[in-house]
Amino acid sequence: MKKIEFIKAVYKLNEIPVKELPTVILGGRSNVGKSSFINTIFYPAKVAKTSSTPGKTRSINYYLVENKFYIIDLPGFGFAKVSKAERDHWKNLIEKFIELNKNIVLAFHIIDSRHLPTQLDIEFNQFLAEKNIPCNIVLNKIDKLKQSEISKSVRDVVGIFPELINGENLFLFSAISGRGKKEIIRILTALLL
Ligand SMILES: Nc1nc2c(ncn2[C@@H]2O[C@H](COP(=O)(O)OP(=O)(O)O)[C@@H](O)[C@H]2O)c(=O)[nH]1
Ligand SMILES: [Mg+2]
């Protein structure tokens, strides 16, 4: 992956860029590591802003890769410290956006390997399945776990999402060690052909 450009931050559904290009979406809880994922995959370009303060990305961030496809960093869902009304607002916005966008070819759903998927993760996964959007689950922050804990995390997530097969639609990832980067790049490269 060479050329990536930040295109725009979208706050409302009528601000979506008009170019019809294949689109990859990136979803997950607030602070799970979506922006870090982009920076790791496209290193040395450091295009995405990361933050240790949860709940920062409040926009739909469009990146353009090699002028061929968009990759979109969605607002994080399920940050505990916001009101239910605000959580619902973001969940609705994300779902409407996905429904309106007919160019989505693939999703990466990022889940922190240290925690069980939440109800919102389950709902996001189901929503993508209903919309027939192929989804890869990325278990990240794997650098924080021992091997035995990694195995348990994989077992747990496969227990919740039985369609997952490690290495096929489930990937272990670390923005720190770069683990899993090759596999993700292989998937994205296929979109350039
Ligand atoms: N140890 C570790 N920390 C990570 C990893 N990915 C992200 N982080 C940290 O998690 C926090 C949130 O990351 P960010 O990418 O901003 O999350 P986002 O809200 O989902 O975009 C930051 O402090 C990152 O440095 C990872 O793979 N390993
Ligand atoms: Mg972010």
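Nothing fancy with the numbering, it's 1 onward along the sequence. Below, each value reflects all heavy atoms present in this structure, side chains not excepted, and no hydrogens, waters or symmetry copies. Order of listing sets the numbers, starting from 1, for every ligand and every atom in it.
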For ligand 1 and [X], I'd like to know whether there is a polar contact (N/O to N/O, distance under 3.5 Å).
X: Ala175; result: yes
X: Ser30; result: no
X: Thr50; result: no
X: Ile142; result: no
X: Lys34; result: yes

Side chain to side chain contact (heavy atoms under 4.5 Å, CB included) with Glu163: of Ile137, Leu170, Val158, Asn125, only one passes, and it is Asn125

Which of these passes side chain to side chain contact (heavy atoms under 4.5 Å, CB included) with Leu26: Leu106, Val138, Ile110?
Ile110

Using side-chain contact (heavy atoms from CB on, under 4.5 Å) as the criterion, list what pairs up with Asn67, not counting sequence neighbours.
Lys3, Glu5, Leu64

Taking side-chain contact (heavy atoms from CB on, under 4.5 Å) as the definition, give me every residue that meets it alongside Ile133, ordered by chain and number, with sequence neighbours left out.
Ile98, Ile104, Ala107, Leu128, Lys131

Contact check, Ser174 vs ligand 1, heavy-atom distance below 4.0 Å:
yes

Has Asn140 got a side-chain atom pairing as donor or acceptor with Val32's backbone, closer than 3.5 angstrom?
yes

Which segment of Asn31 sits under 4.0 Å of ligand 1 when only heavy atoms are counted
both

N/O/S from Thr50 sitting under 2.8 Å away from the Mg ion (ligand 2):
no

